[in-house]
Number of protein chains: 2
Amino acid sequence: MEEKEISRAVIKRLPRYYRYLGELLESGTERISSGELSERMQVTASQIRQDLNNFGGFGQQGYGYNVKHLHTEIGKILGLDQDYNMIIIGAGNLGQALANYVKFEKNGFLVKGLFDVNPKLKGVAVRGIVIRMTDELPAFLQEHDIQIAALTLPKQYAKEMADFLVDHGIRAIWNFAHTDLHLPEDVIIENVHLSESLMQLSYNISRYSREHK
Amino acid sequence: MEEKEISRAVIKRLPRYYRYLGELLESGTERISSGELSERMQVTASQIRQDLNNFGGFGQQGYGYNVKHLHTEIGKILGLDQDYNMIIIGAGNLGQALANYVKFEKNGFLVKGLFDVNPKLKGVAVRGIVIRMTDELPAFLQEHDIQIAALTLPKQYAKEMADFLVDHGIRAIWNFAHTDLHLPEDVIIENVHLSESLMQLSYNISRYSREHK
DNA sequence: TAGATTGTTAATCGATTAACAATC
DNA sequence: TAGATTGTTAATCGATTAACAATC
């Protein structure tokens with residue numbers, strides 16, 4: 001039942017392949033070789049072929065890869081051939097920004113609910129999605145089939161909320177709270193830590209100025 | 001002049017060390033061993049010691065690490081001992097969310113300006129920061145010493161804007177646009193690709209359901 | 001068929017972990 | 001001093017790159 005384990009490094013690269021293939025598709029390119037794609041993407045052709053061969057042979061010797069076919073296949077690998085229902089917990093600026101981000105919908109991530117504890121936000125609509133109070137969550141989760149919860153709330157509430165969501169059947173969490181969630185291992189967590197990203201930037205800025213002093 | 005090159009993997013871990021040390025500091029912990037920290041952070045003690053020793057010996061045999069000292073030192077390595085002036089290009093939902101995110105200010109990232117092309121946004125204030133039109137950028141950049149530009153605009157404008165900013169002296173870009181920027185190598189780029197993060201999540205969801213079918 | 005390009009094995013490189021002498 | 005724990009070297013593991021036979 002268990003498939004061959006694919007390394008995290010490979011999976012992190014797949015969305016980027018998918019993006020480049022999507023752009024090639026839009027530009028009407030029919031086929032592409034690993035060599036040409038490697039030049040565009042600034043990675044080695046060898047890596048592209050290795051990565052793709054984790055999932056089977058999508059190419060053809062002497063020809064390369066059919067752009068449309070490869071795009072579709074990588075989409076399937078990434079699970080983009082189906083829709084996901086998502087809720088957002090924390091309707092602050094970031095939560096509302098995510099709810100407004102139409103691009104996710106295009107990829108099949110449908111925002112079904114937006115929750116907060118602040119009574120002032122109750123009933124406010126963001127792109128047609130009404131903000132509900134978190135105490136309505138149990139009933140909401142019973143009525144709707146939700147696969148993903150995005151956590152855009154202050155870190156001090158994140159752990160408790162994550163536990164609550166997992167208890168109520170959520171199995172995938174997109175975590176924007178600046179804390180590590182410790183959840184059962186069958187729960188999938190994807191972290192987006194913006195401040196850590198910013199610190200990598202400042203590291204490089206200050207390293208650069210140290211080196212050029 | 002050139003310091004020993006530190007691997008990206010190490011740098012990615014530094015902000016997490018910084019966070020844990022900050023929490024220990026708040027809780028009043030004075031010293032910690034690599035062994036204890038490794039348990040909390042779920043990494044090996046060996047990795048912690050290796051990582052830290054890239055930057056010199058912060059610990060003491062038989063004692064461990066002084067939490068406050070280590071926290072300060074990692075802060076310095078990350079460049080958090082100074083302030084950075086930042087502008088945000090694109091005052092849509094995400095741009096405004098970033099501008100509102102007070103936590104960055106606490107770490108020394110000061111939002112000095114917010115720019116957009118949409119005349120409807122002109123003069124609107126976000127947390128006291130007035131939204132300006134992008135044609136005011138050249139004058140603004142001349143008057144202010146800006147180190148970081150966050151790009152929260154649609155990808156089709158991102159490349160052009162990035163080139164423009166680099167021409168006007170910006171040397172660090174925090175890129176939220178879903179595209180790769182090709183800039184001179186002395187320009188520091190840190191990408192945050194939210195849709196790619198979401199795709200890693202959906203990959204894991206659909207892998208999980210494949211494996212448990 | 002000849003040329004191109006994949007799929008795949010082998011070689012290299014880099015990162016992580018283990019081990020332990022140094023030393024507080 | 002004895003025990004604890006670092007700093008650092010060596011061993012292992014994994015990921016990337018190179019090479020090339022297979023084949024379209």
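Reckoned from all heavy atoms, side chains included, excluding hydrogens, waters and symmetry mates. Here is how names work: the chains are called A, B, and so on, in the same order as the sequence lines, proteins then strands, and each is numbered from 1.
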Which is true for [X] with a 4.0 Å heavy-atom rule: it touches a base, it touches only sugar-phosphate, or it touches nothing?
| X | value |
| --- | --- |
| Ser33(A) | sugar-phosphate |
| Thr44(B) | sugar-phosphate |
| Arg13(A) | sugar-phosphate |

### Residue Lys12(A) excluded, over 12 heavy atoms near NZ under 6.0 Å
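No, NZ of Lys12(A) has 12 or fewer neighbouring heavy atoms, counting only those of other groups under 6.0 Å.
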
### Query
When you measure from the side chain of Asn85(B) to the backbone N and O of Asp145(B), does any donor-acceptor pair fall under 3.5 Å?
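Between the backbone of Asp145(B) and the side chain of Asn85(B) there is a qualifying donor-acceptor contact (under 3.5 Å).
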
### Message
Gln61(B): which residues meet the side-chain contact (heavy atoms from CB on, under 4.5 Å) condition with it, sequence neighbours left out?
### Response
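Gln61(B): no side-chain contact (heavy atoms from CB on, under 4.5 Å) contacts found.
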
### Task
Tell me the stems DNA chain D sits in, counting at least three consecutive Watson-Crick or G-U wobble pairs, each under 3.5 Å on both distances.
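When the pairs of DNA chain D are grouped into runs of at least three, the stems are C:3-24 with D:3-24.
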
### Query
Which nucleotide of DNA chain D is the first, and which the last, in the 5' to 3' direction, to come under 4.0 Å of a heavy atom belonging to chain B?
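Extent of the interface on DNA chain D: dA4(D) to dA10(D).
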
### Query
Is the closest side-chain heavy-atom distance between Phe115(B) and Leu153(B) below 4.5 Å?
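They are not in contact (no side-chain heavy atoms under 4.5 Å apart), so the answer is no.
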
### Query
How many angstroms lie between CZ in Arg207(B) and CD in Glu5(A), if you round to the nearest 0.5 Å?
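Nearest 0.5 Å value for the CZ-CD distance: 5.5 Å.
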
### Query
Hey, which of these two, Ser7(A) or Arg49(B), hits DNA chain D nearer its 5' end, going by closest nucleotide?
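Its nucleotide being nearer the 5' end, the pick is Arg49(B).
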
#### Entry: Pair Asp180(B), Tyr20(A): side-chain N/O donor-acceptor within cut-off below 3.5 Å
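There is such a pair (donor and acceptor under 3.5 Å, judged by atom type) between the side chains of Asp180(B) and Tyr20(A).
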
### Message
Assess whether a salt bridge exists between Arg40(B) and Glu23(B), defined as any Lys/Arg side-chain N lying under 4.0 Å from an Asp/Glu carboxylate O.
### Response
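A salt bridge is absent here (no side-chain N lies under 4.0 Å from a carboxylate O).
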
### Task
Determine, step by step, whether His182(B) and Lys159(B) satisfy the side chain to side chain donor-acceptor pair (under 3.5 Å) criterion, reporting the C-alpha distance in whole Å, the side-chain angles of both residues, the deciding distance to 0.1 Å, and the verdict.
CA-CA 8 Å; His182(B) 300 284; Lys159(B) 277 171 216 257; 4.8 Å; no

